Number of protein chains: 2
Amino acid sequence: MSTLADHIEAHIKRMLRSSQTNSVELSRAQMADDFSCVPSQINYVLSTRFTLERGYIVESRRGGGGYIRVGHVQVDNSYTHAISLLQSIGSELDDKQMENILAHLKDRHVISSGELQLIRGIVQQEVGGMSQGKNVLRASLVRSLLFFIMESRS
Amino acid sequence: MSTLADHIEAHIKRMLRSSQTNSVELSRAQMADDFSCVPSQINYVLSTRFTLERGYIVESRRGGGGYIRVGHVQVDNSYTHAISLLQSIGSELDDKQMENILAHLKDRHVISSGELQLIRGIVQQEVGGMSQGKNVLRASLVRSLLFFIMESRS
DNA sequence: CTTTCTTTGACTATTACTGACCTTAGCTTT
DNA sequence: AAAGCTAAGGTCAGTAATAGTCAAAGAAAG
């Protein structure tokens, strides 16, 4: 955690955790002021870190009394959810999609930080030198590895 | 220990040993500067010495505040270990991959130095005169031998 | 002498951050 | 109402800061 974006991300997540409702409302201008940055930096953080794929919903309103609301989607059974997430992996999976899924599963404590890194490492190694079909291999690898980890839990 | 790459390798391993968390974060540019070499030299060292097969996980981020993190995988977790081994021994295994795996296992005291040589010897003997399918045989042989050794320990 | 390993550098890719300009909602004044 | 003002937030493209890739040259080993 060292860039401004990382700090802002962490701060929003902290707010979310301490909120009863799994959602927080914030003022873009206020926040930018708190972190001494331009307002659009907040949009940058929201659009790169709080995506739907990672389980967040962002709503906003402009004009007087405008706001940004960030919600964390709760799913009661994280394993069920994880499995359906896995099944939604099609025959191809690009790197960014993979990262989002892994980040999401880690957020929900379905996988640990070490497991995340390991999966990333394995995929990187296997996919590495390929010129074609990376996304196909990545999809199948990620699916198998996650199934394997989840199997060994239940 | 005499090439630059060796020194860089040793340095990273020193950092790892003195770290509490089994992982260190470094700046590629900074490191290149410290060793007075081009940045890509760092990539060379990482990709030849800190591979998954040897038990290392390398992550990185580009852009502002970018970094390279090198982690040393703990083998205390049996499925983690199983995954990385199964993954690294595919249906084929060349000599270099085998050496990497053996070096890793010896490093972690899963096999002794004598067992390493024994495996090497057996494989050499069996694979020796073959003209085709060496890598296939090697893969299955090493898998079985390691399986045998690990079974006999637990 | 051939093969493998090391080192380098030019080119590429990714991420963070900023600022100028645009859009929307509510309120106030005619 | 309609027009205009004010107070939000949104977009996008450009710049800077990092890291990655690849091929070729050089060095070392067999």
Side-chain angles (χ1 to χ4, degrees), chain A residues 1-12 24-51 54 57-70 94-100 103 120-121 123-125 127-132 134-135, chain B residues 1-12 24-51 54 57-71 94-100 103:
Chain A
M1 286 296 184
S2 86
T3 67
L4 215 207
D6 290 332
H7 286 117
I8 296 174
E9 174 188 9
H11 185 245
I12 295 176
V24 287
E25 197 170 302
L26 47 92
S27 141
R28 188 179 80 143
Q30 182 57 56
M31 194 124 201
D33 214 57
D34 292 347
F35 285 94
S36 306
C37 61
V38 293
S40 56
Q41 175 75 351
I42 308 302
N43 297 89
Y44 173 71
V45 173
L46 290 172
S47 64
T48 54
R49 275 103 157 141
F50 294 86
T51 65
R54 295 189 181 191
I57 289 177
V58 179
E59 311 169 82
S60 65
R61 210 169 70 186
R62 309 186 184 190
Y67 59 83
I68 297 178
R69 186 153 40 209
V70 181
D94 70 26
D95 202 59
K96 207 153 286 178
Q97 292 173 309
M98 179 185 81
E99 286 300 329
N100 281 331
R120 187 149 51 199
V123 170
Q124 214 168 354
Q125 181 156 67
V127 162
M130 299 181 70
S131 57
Q132 294 186 324
K134 287 186 178 195
N135 292 347
Chain B
M1 284 297 183
S2 81
T3 68
L4 214 208
D6 290 332
H7 285 117
I8 296 174
E9 174 188 9
H11 184 245
I12 295 175
V24 287
E25 197 171 302
L26 47 94
S27 141
R28 188 180 79 142
Q30 182 58 56
M31 195 122 201
D33 214 57
D34 293 347
F35 284 94
S36 306
C37 60
V38 293
S40 56
Q41 175 75 349
I42 308 303
N43 296 87
Y44 173 71
V45 173
L46 290 172
S47 64
T48 54
R49 276 101 157 143
F50 294 86
T51 65
R54 296 189 180 186
I57 288 178
V58 178
E59 304 173 86
S60 65
R61 206 164 74 180
R62 306 188 187 186
Y67 58 80
I68 297 178
R69 187 150 42 208
V70 181
D94 68 25
D95 205 69
K96 200 155 297 176
Q97 292 172 311
M98 180 184 80
E99 287 301 331
N100 280 334

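What you see is a predicted model, and the numbers here were worked out from it, not measured in a lab. Sequence lines set the chain letters: A, B, ... in the order given, protein chains first and strands last, and positions in each chain run from 1.
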Exercise for the section: Can you sort out the partners of A/F50 under ring-ring contact (aromatic ring centres under 6.0 Å, His included), two or more places apart, ordered by chain and number? Expected result: A/Y56
Problem - Gap between atom CG of A/L26 and atom CD1 of A/I12 - 0.5 Å precision - result: 5.5 Å
Practice task
Would you jot down, in residue-number order, the residues of residues 39-49 of chain B having a non-hydrogen atom under 4.0 Å from DNA chain C?
Solution key: B/S40, B/Q41, B/Y44, B/R49
Completion exercise
Across all chains, not counting sequence neighbours, the salt bridge (Lys or Arg N to Asp or Glu O under 4.0 Å) partners of B/D95 are B/R138
Practice task
Can you sort out the partners of B/E59 under salt bridge (Lys or Arg N to Asp or Glu O under 4.0 Å), two or more places apart, ordered by chain and number?
Solution key: A/R120, B/R69
Fill in the blank from the handout: ring-ring contact (aromatic ring centres under 6.0 Å, His included) filter on A/F35, not counting sequence neighbours, yields A/H11
Practice task
Under 4.0 Å between any heavy atoms, over every strand shown, what does B/G64 touch: base, sugar-phosphate, or nothing? Just pick one.
Solution key: base
Practice task
Identify, with sequence neighbours excluded, every residue that meets side-chain hydrogen bond (donor to acceptor under 3.5 Å, both in side chains) alongside A/D34.
Solution key: A/Q30
Exercise for the section: Report the residues that fulfil side-chain contact (heavy atoms from CB on, under 4.5 Å) with B/S60, sequence neighbours left out, ordered by chain and then residue number. Expected result: B/I68
Handout entry: Residue pair A/D94, A/Q97: steps toward the side-chain contact (heavy atoms from CB on, under 4.5 Å) verdict
Key = CA-CA 5 Å; A/D94 70 26; A/Q97 292 173 309; 3.2 Å; yes
Could you pull out every donor-acceptor pair under 3.5 Å between side chains of residues 38-49 of chain A and any protein atom, sequence neighbours left out?
residue : atom : partner : partner atom : Å
A/N43   : OD1  : A/R28   : NH1          : 2.6
A/S47   : OG   : A/N43   : O            : 3.0
A/S47   : OG   : A/Y44   : O            : 3.3
A/T48   : OG1  : A/Y44   : O            : 2.8
A/T48   : OG1  : A/V45   : O            : 3.4
A/R49   : NE   : A/E9    : OE1          : 3.2
A/R49   : NH2  : A/D6    : OD1          : 2.7

Practice task
Tell me what A/G63 touches on the nucleic acid: a base, only sugar-phosphate, or nothing, going by heavy atoms under 4.0 Å.
Solution key: base
Handout entry: Span of DNA chain C in contact with chain B (heavy atoms, under 4.0 Å)
Key = C/dC5 to C/dA16
Problem - Opening and closing nucleotides of DNA chain D in contact with chain A, under 4.0 Å to non-hydrogen atoms - result: D/dA7 to D/dT11
Fill in the blank from the handout: The residue, A/C37 or B/S36, whose nearest nucleotide of DNA chain C is more 5′ is B/S36
Problem - Atom pair OG1 (A/T3) and NE2 (A/H7), whose distance is rounded to the nearest 0.5 Å - result: 7.5 Å
